[in-house]
Protein chains: 2
Amino acid sequence: MGFSKKQLFNSTQNQVANYTKVLGHPARVAMIQHISEHKNCNCNELVKSTGLSQPTISQHLVEIRKIGLLKQKVKGKNLFYTIDSDQLNECRRVVNDFFVKTQVNCSK
Amino acid sequence: MGFSKKQLFNSTQNQVANYTKVLGHPARVAMIQHISEHKNCNCNELVKSTGLSQPTISQHLVEIRKIGLLKQKVKGKNLFYTIDSDQLNECRRVVNDFFVKTQVNCSK
DNA sequence: TTGTGATATTGCAATATCACAATGATAAAA
DNA sequence: TTTTATCATTGTGATATTGCAATATCACAA
């Protein structure tokens with residue numbers, strides 16, 4: 001069929017999947033790293049640092065934005081991105097929670 | 001183009017992406033949870049607990065196996081699955097490392 | 001040897017993802 | 001005003017993923 005049967009799974013499972021899905025592409029991992037390392041970097045900088053085209057970067061930014069990890073500030077014709085630290089933490093908490101609970105179950 | 005330009009990214013970035021990609025589907029999250037909660041569960045049990053078909057479960061198991069999270073024991077005509085606790089830990093370490101480093105960069 | 005049950009594999013349709021060219025929108029600079 | 005720079009959006013082609021029916025395989029039981 002090609003679509004994912006999300007309704008079969010609970011909200012926590014879907015949340016873990018939603019967050020990790022965004023990290024499931026090296027370009028997005030690299031982009032998040034780059035933004036966190038270079039405060040207020042713009043789109044062009046990401047294009048240069050990754051070697052991907054501007055539309056591709058823009059698309060990946062949409063995905064990262066979907067899970068709330070991206071903050072942006074307009075300055076003239078520039079858009080400066082930063083990582084939303086709180087949401088990154090929330091994301092980390094959800095994913096880590098999954099790992100911890102699974103690990104605990106394993107060692108029972 | 002449709003293919004992922006993995007060669008543009010470093011091995012850590014690819015590793016984070018590889019691991020999280022597997023978790024990027026609620027069925028696999030649910031399956032990993034179920035296996036960890038029910039020691040030595042078999043394929044049929046996963047079919048029942050998820051509501052997906054046997055071939056679909058089998059395919060997802062292939063993906064989970066790819067990142068080394070699955071151990072299996074043959075008992076007659078049954079195959080009993082468990083989660084490889086060490087690899088789960090490694091996986092957690094890699095992903096958490098990414099989160100921690102990013103978080104640290106954010107608060108500089 | 002002939003089922004039977006458990007799992008894997010194959011083949012296919014539907015959909016999603018990835019990447020980019022072309023185009024659009026906007027704001028500063030010339 | 002025209003040009004230029006930056007970024008978003010749209011459209012499209014290529015590839016990957018998801019899900020399942022059908023079939024294959026394999027181990028045991030009768």
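In what follows, chains are A, B, ... by sequence order, proteins preceding strands, each numbered from 1.
Of the candidate nucleotides D/dT18, C/dC18, D/dA8, D/dA8 has the atom lying nearest to any side-chain atom of A/L61. Among C/dA6, D/dC20, C/dC20, the nucleotide with an atom closest to any side-chain atom of B/P55 is D/dC20. Among D/dA8, C/dC20, C/dT7, the nucleotide with an atom closest to any side-chain atom of B/N42 is C/dT7. In the set D/dT18, D/dC20, D/dT9, the nucleotide with an atom closest to the side chain of B/S53 is D/dC20. Of the listed nucleotides (D/dT6, C/dA19, D/dT9), D/dT6 has the atom at the smallest distance from the side chain of A/N78. Closest to the side chain of A/S58, from the set C/dA8, C/dC20, D/dT9, is D/dT9. Picking from D/dT9, C/dT17, C/dA19 the nucleotide with the shortest atom distance to the side chain of A/V62 gives D/dT9.
Side-chain atoms of B/Q54 come within donor-acceptor range of the base of C/dA8, with a qualifying N/O pair under 3.5 Å.
We find that CG of A/L46 is positioned 16 Å from C1' of C/dA19, with the value rounded to whole Å. The distance between atom NE2 of A/H60 and atom P of D/dT9, rounded to the nearest whole Å, is 15 Å. Rounded to an integer number of Å, the gap from CG of B/N44 to C1' of C/dT4 is 13 Å. Between A/E63 atom CD and D/dA8 atom C1' there is a gap of 14 Å when expressed in whole angstrom units. One can place CG of B/L79 at 17 Å from P of D/dT25, the figure rounded to the nearest angstrom. Atom CG in A/L52 sits roughly 15 Å away from atom C1' in C/dA21 (whole-Å rounding). If you take CD of B/Q59 and P of C/dA14, they are 19 Å apart, rounded to a whole angstrom. Summarising the geometry, the separation between CD1 on A/I57 and C1' on C/dA19 is reported as 11 Å, rounded to the nearest angstrom.
Across all strands shown, A/F80 has no heavy atoms under 4.0 Å from either base or sugar-phosphate atoms. Heavy atoms of A/K75 sit nowhere under 4.0 angstrom from any nucleic acid atom. Residue B/K6 is classed as having no contact, given no heavy-atom separation below 4.0 Å to the nucleic acid.
Residue A/H25 places at least one side-chain N or O under 4.0 Å from the OP1 or OP2 atom of C/dA19. In this model, the phosphate group of D/dC20 is approached by a side-chain N or O of A/K5 to a distance below 4.0 Å at OP1 or OP2. Considering only side-chain N and O atoms, A/T56 lies under 4.0 angstrom from the phosphate OP1 or OP2 of C/dC20. Neither OP1 nor OP2 of D/dT6 sits under 4.0 Å from any side-chain N or O of A/Y81.
For A/I83 against A/K71, the heavy-atom pair with the smallest separation is O-CE, 4.2 Å. Shortest non-hydrogen contact noted between A/V94 and A/V16 is CG1-CG2, 3.8 Å.
Pairing for D/dT15 goes to C/dA16, judged as Watson-Crick or G-U wobble with the two contacts each under 3.5 Å. Checking D/dT10 for Watson-Crick or G-U wobble geometry (two distances, each under 3.5 Å) identifies C/dA21 as its partner. A 3.5 Å limit on both hydrogen-bonding distances identifies C/dA27 as the Watson-Crick or G-U partner of D/dT4.
Residues A/R65 and B/K66 both approach DNA chain D. Their nearest nucleotides, taken by heavy-atom distance, put A/R65 toward the 5′ side. Nearest-nucleotide positions on DNA chain D place A/K77 closer to the 5' end than the other of A/S4 and A/K77. Nearest-nucleotide assignment on DNA chain C puts the 5′-proximal partner with A/K21, out of A/G51 and A/K21.
Using the six-membered ring where Trp is involved, A/H25 and B/F9 have ring planes that are perpendicular, over 60° apart on the 30 and 60° scheme.
Side-chain contact between B/K73 and B/L79 is absent, with no heavy atoms from C-beta onward closer than 4.5 Å.
Looking at A/H38 and A/E45, their side chains never bring a donor and an acceptor atom within 3.5 Å of each other.
Following chains of ILVMFWY side-chain contacts shorter than 4.5 Å, one cannot reach A/V104 starting from B/I32, and the two form parts of different hydrophobic clusters.
The neighbour count for B/K39 NZ, taken as heavy atoms of other residues, nucleotides or ligands under 6.0 Å away, is above 12.
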